[in-house]
Amino acid sequence: MSLPLLFAPSLVGRADQPALECDTPSGVRTFTFGDLDTRARRLAGVLSARGLRPGDRLAFCLANRLEVIDLWLACTRLGVIVVPINVLYKGREIGHIIGDAQPTAVVSTPGRAADLPAGTVLWDVEALAAEADRAGGEAGGARATTAAATDAPAAAAPFVATAETPAAIIYTSGTTGVAKGAVLTHGNFAANALALCAAWDITARDRYLAALPLFHVHGLGNGLHCWLVSGCLMKLVERFDREEALGWFEAFRPTLFFGVPTMYTRLLEADPARARAIGQGMRLFVSGSAPLPVAVLEEFRARYGHVILERYGMTETLMNASNPLAGERRPGAVGPALPMTAVEVRDPEGHALPDGQVGELWVRGPNVCAGYWRWPEATQQAFRDGWFRTGDIGVRSADGYLTLQGRRSDLIISGGFNIYPREIEELLCTLPGVREAAVVGEADPVRGEVPVAYVVGDADPAALEAQVRAALASFKVPRRWVRLDALPRTALGKVQKHLLAARA
Ligand code: MLC
Ligand code: AMP
């Protein structure tokens with residue numbers, strides 16, 4: 001099924017019902033599903049008029065805002081493939097994505113022009129929205145009805161997506177360090193949203209507080225899509241802000257919240273009376289994207305009166321496993337595989353292991369991406385006989401619960417954002433005064449892990465930090481710098497990262 005058809009019961013069937021509360025230049029506004037459908041149709045008309053055709057890519061580099069939703073809905077309607085870019089990324093990170101996905105344009109704010117490679121077309125998000133508004137005005141008044149909006153140009157070029165039509169290319173460093181574009185289809189997103197709405201009983205009665213970035217699958221594939229499929233009311237905020245978060249809970253009174261562990265750690269800063277009052281109105285808190293420390297789960301239970309439901313996913317596979325809504329939410333475990341997804345624990349040769357034995361998790365199901373964008377070798381390496389090799393190491397209990405124990409690669413997850421050490425190491429080695437560098441993750445009470453750099457050479461750490469900060473997203477900047485005479489290496493010359501801390 002295509003996403004527009006999956007969303008139609010909400011966008012068309014609940015046209016008059018409140019759908020979205022969010023900030024706009026004229027203050028906080030509420031939009032109905034019909035309003036959003038109209039906006040998407042108008043924008044689709046503008047995008048078609050600008051020449052976008054099915055299969056073309058359109059990137060966006062934006063913090064959460066109404067226009068990201070418009071863009072997503074318009075592109076899924078047109079068969080245009082969306083390429084979300086982390087808004088914290090800088091020039092070289094963005095450059096790789098643009099070079100690889102080759103989007104027709106990047107929708108962003110004009111201030112980001114300097115971060116785009118030469119020759120990239122930037123479409124100003126506000127100019128695009130204004131053009132769509134004007135097109136709507138011409139097509140039937142400032143607040144066109146759904147019927148009037150069908151006269152907009154988009155209606156002239158209907159596109160029918162299938163389950164296999166790519167909807168997005170989302171870049172992730174995976175296990176190799178070079179960001180690869182996971183091609184996620186309409187069918188992948190549909191299967192994921194249907195599985196989650198069923199598993200977590202998300203209905204139109206829910207109120208979802210959306211604080212996760214929409215450029216990652218957690219906010220997009222889980223948050224945005226469960227909202228659109230269930231037809232509930234969503235409050236969208238620009239980003240999670242620990243100073244403001246409690247106020248949002250109190251004012252909006254959500255029943256549903258999805259977050260990364262860092263957000264739950266921040267929410268523990270609430271005083272007990274406030275936390276208890278917020279907990280009373282809530283139905284479900286879900287955590288994922290990084291391990292939820294058992295201590296945070298326990299403290300949260302004591303403070304908010306809720307056991308956070310932990311689930312496990314990946315950009316390439318969307319969601320794979322979840323603790324049950326009704327049933328035991330086992331601390332430290334990510335629960336059984338979701339109903340449409342098979343998860344097996346395999347040995348390095350690819351043989352399935354019995355329960356209780358540790359191995360790599362392999363996944364198969366309608367949620368698993370079509371492969372990596374224009375990269376058959378990487379796709380071939382990641383898949384075998386229809387199974388996707390996650391690179392995550394884990395174990396399954398006799399009653400089917402999965403527990404993650406680590407990763408095959410040295411990926412660092414900080415606040416739910418992925419950091420691949422090699423990217424930072426390669427940058428460091430180009431800087432003056434650095435002969436060798438190794439970056440590893442160090443436990444952090446709030447972000448889960450933070451990067452630490454071990455450097456050989458006479459470079460000044462402050463100067464290195466400034467240069468890394470100028471080149472890479474802020475969450476990749478090493479939080480600590482250690483100078484060494486030499487990196488510990490094996491006889492074959494491979495850096496022994498596990499010995500770095502001791503060597504220091
Ligand atoms: C973080 N920062 C942001 C930002 N998030 N800046 C702009 N927009 C955002 N959305 C920057 C800050 O400027 C700051 O930079 C640093 O990150 C930490 O910010 P903070 O204010 O101290 O926030 P903190 O309380 O630590 O919380 C950070 C966070 C953020 C939790 C809000 O890490 C976050 O949004 N994480 C979500 C990541 C996510 O969605 N992952 C899903 C991937 S999909 P500086 O310079 O001070 O360091 C996936 C699959 C799956 O993994 O299973 O879901
Ligand atoms: P990404 O590439 O950003 O999609 O990150 C996916 C990775 O996040 C997975 O391969 C896991 O290593 C990790 N992850 C996701 N959910 C969890 C979880 N609940 N517990 C531990 N790790 C998780």
Side-chain angles (χ1 to χ4, degrees), residues 61-65 84 86-90 170-176 179-180 182 184 192 196 210-223 237-245 258-269 286-294 297 308-323 332-335 360-361 363 367 369 382 388-394 402-420 444-451 465 468-469 472-479:
C61 185
L62 293 165
N64 291 352
R65 53 191 290 168
N86 189 326
V87 74
L88 295 169
Y89 280 0
K90 305 259 170 65
I170 307 194
Y171 281 78
T172 172
S173 38
T175 52
T176 58
K180 298 176 295 226
L184 289 155
N192 186 63
L196 298 187
L212 284 159
L214 294 174
F215 48 75
H216 276 319
V217 300
H218 196 168
L220 178 69
N222 292 11
V237 296
E238 186 185 315
R239 57 160 299 200
F240 181 85
D241 179 332
R242 63 201 250 237
E243 307 287 333
E244 291 192 47
F258 297 165
V260 295
T262 302
M263 295 179 183
Y264 290 106
T265 306
R266 294 297 195 199
L267 289 174
L268 289 177
E269 291 163 12
V286 180
S287 175
S289 306
L292 178 70
V294 173
L297 179 134
I308 299 168
L309 186 153
E310 186 173 9
R311 67 22 168 216
Y312 157 57
M314 275 187 99
T315 301
E316 291 95 328
T317 64
L318 304 175
M319 298 305 112
N320 297 320
S322 169
N323 274 288
V334 293
E360 183 181 351
L361 303 187
V363 175
N367 51 311
C369 72
F388 178 80
R389 309 174 58 170
T390 63
D392 287 314
I393 305 297
L402 296 160
T403 300
L404 299 182
Q405 297 194 337
R407 288 178 294 269
R408 212 175 51 192
S409 69
D410 56 358
L411 174 78
I412 300 167
I413 304 184
S414 188
F417 288 125
N418 283 5
I419 303 171
Y420 198 78
D444 179 84
V446 174
R447 306 239 168 87
E449 291 177 288
V450 289
E465 177 167 336
V468 176
R469 192 171 285 284
L472 299 176
S474 60
F475 57 87
K476 297 180 187 173
V477 179
R479 292 301 190 263

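When a ligand or atom number is given, it counts from 1 through the structure's own listing order. Computed from a predicted structure; not experimentally measured.
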Inset, instruction - Decide whether an N or O pair under 3.5 Å exists between S287 and ligand 2. - result: no
Inset, instruction - Could you tell me whether some N/O pair between N418 and ligand 2 is separated by less than 3.5 angstrom? - result: yes
Inset, instruction - Please work out whether any backbone atom (N, CA, C, O) or any side-chain heavy atom from C-beta onward of I413 is under 4.0 Å from ligand 2, and answer side chain, backbone, both or neither. - result: side chain
Inset, instruction - Output all residues satisfying ring pair (Phe, Tyr, Trp, His ring centres under 6.0 Å) with Y89, sequence neighbours left out; order by chain, then residue number. - result: none
Inset, instruction - Name the orientation class of the two ring planes belonging to H216 and F417 (parallel below 30°, tilted from 30 to 60°, perpendicular beyond 60°). - result: tilted
Legend entry - Sub-4.0 Å heavy-atom contact, R311 with ligand 2: yes
Legend entry - Close approach, T390 and ligand 2, non-hydrogen under 4.0 angstrom: no
Inset, instruction - Provide the number and element of each atom of ligand 1 under 4.0 Å from a heavy atom of P213. - result: 35 (O), 37 (C), 40 (O)
Inset, instruction - Give the numbers and elements of all ligand 1 atoms closer than 4.0 Å to a heavy atom of R311. - result: 51 (C), 53 (O), 54 (O)
Legend entry - Sub-4.0 Å heavy-atom contact, R479 with ligand 1: yes
Legend entry - Polar contact flag for T262 and ligand 1 (N/O pairs, less than 3.5 Å): no
Legend entry - Nitrogen or oxygen of R266 less than 3.5 angstrom from that of ligand 1: yes
Legend entry - Partners passing salt bridge (Lys or Arg N to Asp or Glu O under 4.0 Å) against R266 (at least two apart in sequence or in another chain): E269
Inset, instruction - Please write down residue, atom name and distance for the protein heavy atom closest to atom 49 (C) of ligand 1. - result: S289 OG, 3.7 Å
